[in-house]
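Because only heavy atoms are used, hydrogens play no part in the values below, and waters and symmetry mates are left out as well, while side chains stay in.
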Amino acid sequence: SFSIGGSQDDRGSKATNECFEVIFKKKIELKKLSDLPISSMSFGACVSNDGTKIYIAGGTSGDKKKSMNETFSYDINENTWTKLGELNQP
């Protein structure tokens, strides 16, 4: 399981770019991953059919709820983010 971006406070006023792999054992462990290139929350996300990439699109910055139009892919094996392009509308 993965945790990507989100809000740093309960009001949703500050987006984060932190990423973690969540490892479920006797105790839950967090493994720090490469940060998302931008701070974002409330974006759409999906996983590739082969389970090697995570894709995210859109979302908000948290700062004044500015709409985001960037899209990125995360390579699970390489621990790297790649900017794919921009949406026509945020």
Side-chain angles (χ1 to χ4, degrees):
S1 295
F2 295 88
S3 173
I4 301 170
S7 176
Q8 291 182 345
D9 61 33
D10 60 354
R11 295 184 320 268
S13 62
K14 177 109 171 100
T16 182
N17 66 338
E18 293 181 309
C19 301
F20 298 91
E21 181 177 2
V22 183
I23 303 164
F24 296 95
K25 294 184 177 180
K26 288 182 181 179
K27 182 178 174 184
I28 296 175
E29 298 176 20
L30 296 177
K31 177 183 172 186
K32 180 74 170 112
L33 304 174
S34 293
D35 287 339
L36 182 61
I38 59 169
S39 295
S40 186
M41 61 186 178
S42 303
F43 48 78
C46 65
V47 178
S48 62
N49 287 336
D50 64 4
T52 62
K53 293 199 185 328
I54 299 172
Y55 298 95
I56 68 159
T60 61
S61 67
D63 181 32
K64 300 180 184 174
K65 302 290 187 216
K66 180 182 174 226
S67 294
M68 310 292 281
N69 65 348
E70 290 89 354
T71 62
F72 295 91
S73 69
Y74 174 74
D75 187 308
I76 293 169
N77 296 321
E78 299 295 325
N79 189 28
T80 57
W81 285 97
T82 302
K83 184 172 181 176
L84 300 176
E86 295 183 354
L87 302 170
N88 290 334
Q89 296 181 3

May I ask you to decide if the ring planes of Tyr74 and Trp81 are parallel, tilted or perpendicular, using 30° and 60° as cut-offs?
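Ring orientation, 0 to 90° scale: tilted.
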
What closest approach, in Å, do [X] and [Y] show between heavy atoms, and which atom pair accounts for it?
X: Cys19; Y: Ile4; result: SG-CG2, 3.8 Å
X: Phe43; Y: Ala57; result: CB-O, 3.4 Å
X: Gly59; Y: Ser40; result: CA-OG, 4.1 Å
X: Met68; Y: Ile38; result: CE-CD1, 3.5 Å
X: Ile76; Y: Lys53; result: CD1-N, 4.2 Å

What verdict does the side-chain contact (heavy atoms from CB on, under 4.5 Å) test give for Thr82 and Asp75, after you've listed the backbone C-alpha separation in whole Å, the side-chain angles of each residue and the deciding distance to 0.1 Å?
CA-CA 8 Å; Thr82 302; Asp75 187 308; over 6 Å; no

Atom pair [atom1]/[atom2] of [X] and [Y] - distance to nearest 0.5 Å:
X: Glu78; Y: Thr52; atom1: CD; atom2: OG1; result: 10.0 Å
X: Phe2; Y: Glu21; atom1: CZ; atom2: CD; result: 4.5 Å
X: Thr71; Y: Glu86; atom1: OG1; atom2: CD; result: 8.0 Å

Do Ile23 and Leu30 sit in the same hydrophobic cluster, where Ile, Leu, Val, Met, Phe, Trp and Tyr count as joined when their side-chain heavy atoms come under 4.5 Å apart?
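No, Ile23 does not connect to Leu30 through the hydrophobic network.
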
Looking at Phe20, does the NZ or CZ of Lys32 lie under 6.0 angstrom from its six-membered ring centre and within 45 degrees of the ring axis?
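Relative to the ring axis of Phe20, which defines the angle, Lys32 lies inside both limits.
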
Examine distances only and state if a side-chain atom of Asn17 and a backbone atom of Leu36 form a donor-acceptor pair shorter than 3.5 Å.
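Here the side-chain-to-backbone pair exists.
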
Check: Tyr55 and Leu84 side chains under 4.5 Å, non-hydrogen atoms
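Heavy-atom side-chain distance check passes, below 4.5 Å.
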
